[in-house]
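See below for the structure under consideration.
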Amino acid sequence: MMENWSKLSAGLAGLNIGGSAANIGKTLTSSYQAARERLGQIPAEDITELPQEYRDLESRVDALRQAHLTLQRIARVYETETYDYPVQVQQSIAELSTNVAHNVTSFAAANLKDTSIPAPSVTPAAKPLPKTLPHAISRAALAGASSLGPDIRLGKALDLYGNAMEKVGQARLDQDDVIVERFLQPWNVTVTSSIAVAMQARTAVRASRLHLDSAKQTLKAAAPAKQEQARLEVENAEDDLVQKTEVAITLMKTVLDNPEPLKNINELIKAQLVYFAAAVEALSAVQGEVEELSLAAEGEYRKSRDH
């Protein structure tokens, strides 16, 4: 079977065909070589070994790429406002009713504009509510405060807490915007540009190595009249592999030396630090007053039990 394939390879090489067809011939021989290697039909000594430096860089770039993809997959939640929003919270009936009224009055006003029938005034649409966990907690606390009233200690505490959590929610939205702009977007660029280019260069090296080993197999099986042509093909393939390997090594080193990922991580940390600091500030501002309310209520409760 190998002898028949070598004859076909030599035939393709000897034909006076265009570059596109020649590339097809290369692809066929390389694919066949790869298939034989996977099936264990090629002895290890007949597989060209790439430089140790190249193989070491491959491992390091693979680790870097995996680190990028893993963090990217998790951090993409920052692109979605509702990533921590309670699934059981639904749009309120009041909000739905306001939106329905807005749609109905808008439609009526538009269709009665040029008629003798008075057009109704358009009901304002409900302002979209931020869909974050801190905002949801804030709305729940403020609703409770409104029901209880400011004269009740719990109502006052809920009001303080609700307003603090609204600030926390806004700080979280600000954090997300910064993370998307200064971390996720440049982080994605690294994955889709420099790392992707290095991976493409490695693919080219593998294709070149397969072509070289296929050419060597063809040379082994070549008839005397075809040996010189087969030898030239091996020499050209060797030169091509050396060139492509050098290019891939340079690109992989460039990826590994790129300082951008470190800058991106720093921006991620800074954005989170600002958010947590804002949360600490907002909650610290009300915690003391809520504690005073708690102690006063506890004191009154114990006093009432003593009588």
Side-chain angles (χ1 to χ4, degrees), residues 5 8-9 12-13 17-42 44 46-76 79 180-218 232-268:
W5 181 260
L8 175 59
S9 299
L12 286 170
I17 55 180
S20 180
N23 287 336
I24 293 175
K26 274 188 177 183
T27 301
L28 287 172
T29 55
S30 297
S31 298
Y32 182 72
Q33 177 71 18
R36 295 190 70 215
E37 288 180 7
R38 283 196 300 272
L39 295 172
Q41 296 175 357
I42 303 291
D46 287 345
I47 298 176
T48 301
E49 187 174 347
L50 296 170
Q52 185 63 45
E53 179 186 21
Y54 177 88
R55 287 180 282 144
D56 290 342
L57 287 170
E58 269 192 320
S59 298
R60 292 176 60 194
V61 169
D62 284 341
L64 177 69
R65 179 174 179 271
Q66 189 58 46
H68 268 75
L69 293 175
T70 300
L71 187 53
Q72 178 192 53
R73 185 167 56 250
I74 301 301
R76 287 192 67 181
E79 295 176 325
V180 169
E181 179 183 352
R182 299 182 187 175
F183 170 71
L184 263 180
Q185 291 177 358
W187 192 262
N188 293 344
V189 167
T190 299
V191 173
T192 57
S193 59
S194 56
I195 293 179
V197 169
M199 298 301 290
Q200 290 170 1
R202 285 168 50 177
T203 300
V205 168
R206 182 175 184 275
S208 181
R209 198 272 302 165
L210 287 169
H211 177 65
L212 170 60
D213 289 346
S214 177
K216 287 178 179 179
Q217 295 294 321
T218 299
L232 286 173
E233 182 65 24
V234 169
E235 291 176 0
N236 289 336
E238 287 175 338
D239 291 341
D240 182 71
L241 178 58
V242 168
Q243 179 188 9
K244 285 184 168 57
T245 302
E246 289 175 351
V247 169
I249 286 174
T250 299
L251 289 172
M252 287 192 288
K253 284 181 176 179
T254 300
V255 167
L256 293 168
D257 293 340
N258 183 11
E260 285 301 313
L262 279 171
K263 291 171 62 178
N264 303 154
I265 289 292
N266 185 45
E267 292 295 339
L268 172 62

Are Glu260 and Lys263 within salt-bridge range, i.e. N to O under 4.0 Å?
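Lys263 and Glu260: salt-bridged.
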
Please determine whether a side-chain nitrogen of the Lys or Arg among Arg209 and Asp213 lies less than 4.0 Å from a carboxylate oxygen of the Asp or Glu.
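Salt bridge present between Arg209 and Asp213.
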
Passes side-chain contact (heavy atoms from CB on, under 4.5 Å), Val61 versus Lys253? Steps please.
CA-CA 9 Å; Val61 169; Lys253 284 181 176 179; over 6 Å; no

Asp240 and His211: side-chain contact (heavy atoms from CB on, under 4.5 Å), yes or no, with the steps?
CA-CA 10 Å; Asp240 182 71; His211 177 65; 5.9 Å; no

Full working for side-chain contact (heavy atoms from CB on, under 4.5 Å) between Glu53 and Leu57:
CA-CA 6 Å; Glu53 179 186 21; Leu57 287 170; 4.1 Å; yes

Tell me whether [X] contacts the main-chain N or O of [Y] through its side chain, where contact means a donor paired with an acceptor under 3.5 Å.
X      : Y      : result
Thr218 : Ser214 : yes
Thr250 : Glu246 : yes
Asn236 : Leu232 : yes

Hey, what do you get for [atom1] ([X]) to [atom2] ([Y]), rounding to the nearest 0.5 Å?
X      : Y      : atom1 : atom2 : answer
Asn264 : Gln185 : CG    : CD    : 11.0 Å
Lys216 : Ile47  : NZ    : CD1   : 11.0 Å
Thr48  : Leu212 : OG1   : CG    : 4.0 Å

So which heavy atom on [X] is nearest to which on [Y], and how close?
X      : Y      : result
Tyr54  : Ile249 : CD1-CG1, 3.9 Å
Ala75  : Phe183 : CB-CE2, 3.7 Å
Glu181 : Pro186 : O-CD, 3.4 Å

Just so I know, are the side chains of [X] and [Y] near enough to count as touching, which here means a heavy-atom distance under 4.5 Å?
X      : Y      : answer
Glu238 : Val234 : yes
Arg60  : Met252 : no
Asp239 : Gln243 : no
Leu184 : Asn188 : yes
Arg65  : Val191 : no
Ile195 : His68  : yes
Ile265 : Leu71  : yes

Apply side-chain contact (heavy atoms from CB on, under 4.5 Å) to residues Glu58 and Val205 and explain how you reach the verdict.
CA-CA 11 Å; Glu58 269 192 320; Val205 168; over 6 Å; no

Can you confirm whether Arg55 is buried at CZ, in the sense that more than 12 heavy atoms of other residues, nucleotides or ligands lie under 6.0 Å from that atom?
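Counting neighbours around CZ of Arg55, more than 12 heavy atoms of other residues, nucleotides or ligands fall under 6.0 Å, so yes.
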
